[in-house]
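Worksheet: one structure, shown below.
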Amino acid sequence: MRLSAYFLPTLKETPAEAQIVSHRLMLRAGMVRQSSAGIYSWLPLGFRVLKNIERIVREEQDAAGCQEILMPTIQPADLWRESGRYDDYGPEMLRITDRHERDMLYGPTNEEQITDIFRHSVRSYRELPKLLYHIQWKFRDEVRPRFGVMRGREFLMKDSYSFDVDKPGAMRAYNKMFIAYLRTFERMGLKAIPMRAESGPIGGDTSHEFLILADTGESEVACHRDFIDADLVASDIDYEGDLQHLVDGFTDKYAATDDERDPAKEKELGDALVIARGIEVGHIFYFGTKYSKSMGAVVAGPDGEETALEMGSYGIGVSRLVGAIIEASHDDAGIIWPESVAPFKVGLLNLKTDDDGCVAACDDIYAKLRGAGVEVLYDDRPERAGVKFADMDLIGLPWQLVVGPRGLKSGTVEVKERKTGERPEMPLETALAQLTA
RNA sequence: CGGAGUGUAGCUCAGCCUGGUAGAGCACCGUCUUCGGGAGGCGGGGGCCGGAGGUUCAAAUCCUCUCACUCCGACCA
């Protein structure tokens with residue numbers, strides 16, 4: 001993409017409404033614009049990141065045997081009356097009346113909707129287990145939206161739902177999601193720590209929150225040092241095998257959110273204790289028959305008797321992750337994208353657009369990179385070098401390929417790694433080989 | 001929902017206390033110089049001062065109401 005044609009409205013100054021670093025950087029980098037409190041439009045750069053995160057989430061869900069569907073944002077109130085949550089959910093739920101005076105709502109989550117689908121479609125235990133998910137916009141009318149996309153009212157969430165005939169089956173699904181979540185966050189360059197959690201309004205008795213560590217996190221958390229070094233992506237996971245020992249390896253270790261911390265246990269850990277700040281990016285629940293019983297979602301078991309479905313639900317805050325990743329990865333100059341979610345891999349900077357040699361070299365590099373399948377943002381604007389450096393650092397692409405008349409004289413370019421700030425000069429061919437590797 | 005703030009140009013803000021021709025920097029347009037880390041000169045365009053009432057000869061400025069947004073707290077993917 002040529003930057004001269006790209007819609008990238010960067011800001012030199014920070015808009016007054018943004019306090020938290022990820023929000024400031026997302027506005028300055030032209031990723032989002034606020035529409036109203038807690039509601040955002042996604043501009044091209046931000047949308048690319050959102051899609052990349054969504055892609056990783058989807059790949060890991062698919063790998064775990066979860067099947068993608070898409071449910072509506074607008075749901076009928078009657079479903080929620082069946083589960084009893086129409087009254088329980090309170091003013092956080094956005095209630096709507098259609099032209100026929102029917103009560104509707106903008107879904108804050110989808111347990112009722114999926115249970116309704118399931119009860120009309122599945123009759124036998126033989127059709128179980130099933131794991132389904134969708135990635136859809138949610139609306140929760142938060143009392144106080146803040147922190148940009150980290151706590152918006154409208155947000156993109158991946159929510160999965162598991163259906164099993166008995167509790168051991170439900171726990172197998174729970175474990176699949178547990179492991180899939182660890183892999184998902186790790187692929188985004190995040191350290192996510194699973195912590196035992198209260199299940200809140202969703203209900204149920206087994207639940208874990210996944211918190212990523214970031215200096216600017218909302219709450220203080222404490223955990224065993226081993227969490228920091230865990231590396232799951234490297235290992236192949238057999239989702240059909242027994243995952244319990246893997247999950248136990250995590251749940252056996254100490255990890256607690258602010259209000260769950262245990263001073264005695266922490267003292268025991270000694271040097272193995274890590275205290276950090278955390279942002280919740282995922283939450284998994286086992287809630288048994290809470291919805292299946294109230295909504296009549298039953299199957300015939302092996303003995304012919306009807307039994308209520310054992311269910312769980314599993315959420316990842318996809319849009320929140322965009323902000324969370326920035327919280328975890330930035331410096332004074334701007335964002336530092338992990339390569340897996342970066343909107344482009346390479347920024348190509350033509351420092352002198354009125355120099356024929358620079359233009360020819362850049363056009364050639366641009367074509368070669370694109371030909372090799374590398375996503376590249378080519379800054380071909382007739383701006384001063386300083387503006388280009390500043391913008392490129394701000395938007396945080398992992399690699400910057402800097403081409404100027406000074407280097408070209410000796411046949412070299414600079415390859416700057418955003419993360420380290422190192423910018424060695426090297427022959428053009430070496431640079432291309434490195435960036436297309 | 002309790003508490004505290006802020007709404008003036010695209011952005012950051014001054015002006016308001018003490019009413020009297022609406023400002024600065026950046027951004028934008030033109031031009032000249034500059035040309036490897038957010039340059040400088042000259043010229044220019046852009047605002048019902050969030051909205052509605054009121055007081056006054058006169059309101060961005062004083063008063064009342066309202067709307068929006070932000071921050072702190074309690075709650076949440």
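Between the P atom of B:rA77 and the CD atom of A:Gln136 lies a distance of 18 Å, rounded to the nearest Å. If you take CZ of A:Arg153 and P of B:rC69, they are 7 Å apart, rounded to a whole angstrom. The separation between A:Arg33 atom CZ and B:rG10 atom C1' is 10 Å, rounded to whole Å. Rounded to a whole Å, the CD atom of A:Glu218 is 10 Å from the P atom of B:rC72. Rounded to an integer number of Å, the gap from CG of A:Leu408 to P of B:rC35 is 18 Å. Atom CD of A:Glu92 and atom P of B:rC76 are 8 Å apart (whole Å). Going from atom CE of A:Met150 over to atom P of B:rA77 covers 13 Å, rounded to whole Å. A straight line from CG of A:Asn350 to P of B:rC35 spans 17 Å, rounded to a whole angstrom.
Rounded to a whole angstrom, the distance from the C1' atom of B:rA59 to that of B:rU21 is 14 Å. B:rA39 and B:rG25 have their C1' atoms separated by 15 Å, with the value rounded to a whole Å. Nucleotides B:rA60 and B:rC75 place their C1' atoms 39 Å apart, quoted to the nearest Å. Nucleotides B:rC62 and B:rU6, compared at atom P, are 12 Å apart to the nearest Å. Using C1' as the reference atom, B:rU12 and B:rU18 are 27 Å apart when rounded to the nearest Å. Rounded to whole Å, the separation between the C1' atoms of B:rC49 and B:rG15 comes to 10 Å. Remark: the separation of the C1' atoms in B:rG47 and B:rG23 is 11 Å, to the nearest Å. Rounded to whole Å, the C1' atom of B:rG53 lies 33 Å from the corresponding atom of B:rC72.
The heavy-atom pair separating A:Phe139 from A:Leu94 by the smallest distance is CD2-CB, 3.7 Å.
The ring of A:Tyr6 has its center closer than 6.0 angstrom to the ring center of A:Phe344.
Both A:Glu142 and A:Asp391 lie close to RNA chain B; mapped to their nearest nucleotides by heavy-atom distance, the more 5′-ward contact belongs to A:Asp391. Summary of the strand contacts: A:Asp354 and A:Val387 both lie near RNA chain B, and taking for each the nucleotide with the nearest heavy atom, the more 5' one is attributed to A:Asp354.
Within a heavy-atom distance below 4.0 Å of RNA chain B, the residues of residues 34-57 of chain A found are A:Gln34, A:Ser36, A:Ala37. Residues of residues 62-72 of chain A that place a heavy atom closer than 4.0 Å to RNA chain B do not occur. Near RNA chain B, meaning a heavy atom under 4.0 Å from it, residues 17-32 of chain A has A:Glu17, A:Gln19, A:Arg28 in order of number.
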Identify every side-chain donor-acceptor pair in residues 345-354 of chain A under 3.5 Å, counting partners at least two apart or on other chains, and give the distances.
| residue | atom | partner | partner atom | Å |
| --- | --- | --- | --- | --- |
| A:Lys345 | NZ | A:Leu435 | O | 2.8 |
| A:Asn350 | OD1 | A:Lys352 | N | 3.0 |

Which donor-acceptor pairs under 3.5 Å do the side chains of residues 177-192 of chain A make with protein atoms, sequence neighbours left out?
| residue | atom | partner | partner atom | Å |
| --- | --- | --- | --- | --- |
| A:Tyr181 | OH | A:Lys158 | NZ | 2.7 |
| A:Tyr181 | OH | A:Tyr314 | O | 3.0 |
| A:Tyr181 | OH | A:Gly315 | N | 3.0 |
| A:Tyr181 | OH | A:Gly315 | O | 3.4 |
| A:Arg183 | NE | A:Glu60 | OE1 | 3.1 |
| A:Arg183 | NH1 | A:Ser235 | O | 2.9 |
| A:Thr184 | OG1 | A:Ala180 | O | 2.6 |
| A:Glu186 | OE1 | A:Leu232 | N | 3.3 |
| A:Glu186 | OE2 | A:Leu232 | N | 2.7 |
| A:Glu186 | OE2 | A:Val233 | N | 3.0 |
| A:Arg187 | NH1 | A:Glu59 | OE1 | 3.0 |
| A:Arg187 | NH1 | A:Glu60 | OE2 | 2.9 |
| A:Arg187 | NH2 | A:Glu59 | OE1 | 2.7 |
| A:Lys191 | NZ | A:Ile228 | O | 3.0 |
| A:Lys191 | NZ | A:Ala230 | O | 3.3 |

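By the side chain to side chain contact (heavy atoms under 4.5 Å, CB included) test, A:Thr289 is found to be paired with A:Ser292, A:Lys293, A:Ala308, A:Glu310, residues two or more places apart in sequence or in another chain being considered. In this structure A:Asp363 satisfies the side chain to side chain contact (heavy atoms under 4.5 Å, CB included) test together with A:Arg2, A:Val359, A:Tyr378, sequence neighbours excluded. By the side-chain hydrogen bond (donor to acceptor under 3.5 Å, both in side chains) test, A:Asn52 is found to be paired with A:Arg55, residues two or more places apart in sequence or in another chain being considered. Residues forming a side chain to side chain contact (heavy atoms under 4.5 Å, CB included) with A:Leu43 (at least two apart in sequence, or on another chain): A:Phe7, A:Pro9, A:Arg33. For A:Lys12, there are no side chain to side chain contact (heavy atoms under 4.5 Å, CB included) partners at least two apart in sequence or on another chain.
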For nucleotides 23-25 of chain B, print each protein N/O atom paired with a nucleotide N/O atom at under 3.5 Å, atom names and distance only.
| residue | atom | partner | partner atom | Å |
| --- | --- | --- | --- | --- |
| B:rG25 | N2 | A:Glu13 | OE1 | 3.0 |

Please list, pair by pair, any protein nitrogen or oxygen found under 3.5 Å from a nitrogen or oxygen in nucleotides 2-7 of chain B.
none

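At least one cation-pi condition fails for A:Arg119 and A:Tyr291: the charged atom is not both under 6.0 angstrom from the six-membered ring centre and inside a 45 degree cone around its axis. At least one cation-pi condition fails for A:Lys130 and A:Phe118: the charged atom is not both under 6.0 angstrom from the six-membered ring centre and inside a 45 degree cone around its axis.
For A:Arg151 against B:rC76, a side-chain-to-base donor-acceptor contact under 3.5 Å is present. Judged by atom type and distance alone, A:Arg146 does not reach the base of B:rU70 through any side-chain donor-acceptor pair under 3.5 Å.
Remark: the A:Glu209 side chain and the A:Thr257 side chain contain no N/O donor-acceptor pair separated by less than 3.5 Å.
In this structure, the nucleotide among B:rU12, B:rA27, B:rC76 sitting nearest to the side chain of A:Arg140 is B:rC76.
The main-chain N or O of A:Trp80 is never found under 3.5 Å from a side-chain atom of A:Glu112 such that the two would form a donor-acceptor pair. Between the side chain of A:Asp379 and the backbone N or O of A:Arg381, at least one donor-acceptor pair lies under 3.5 Å.
A stacking contact links A:Phe155 to B:rA77: the aromatic ring centre lies within less than 5.5 Å of the base's six-membered ring centre, and the planes differ by less than 30°.
Between A:Asn175 and the options A:Thr251, A:Val247, A:Leu246, A:Asp248, a side chain to side chain contact (heavy atoms under 4.5 Å, CB included) holds for only A:Val247.
Classification of the A:Tyr40-A:His23 ring pair by plane angle, with boundaries at 30° and 60°, yields perpendicular.
Using a 4.0 Å cut-off, no side-chain N or O of A:Arg320 falls inside it from OP1 or OP2 of B:rA77.
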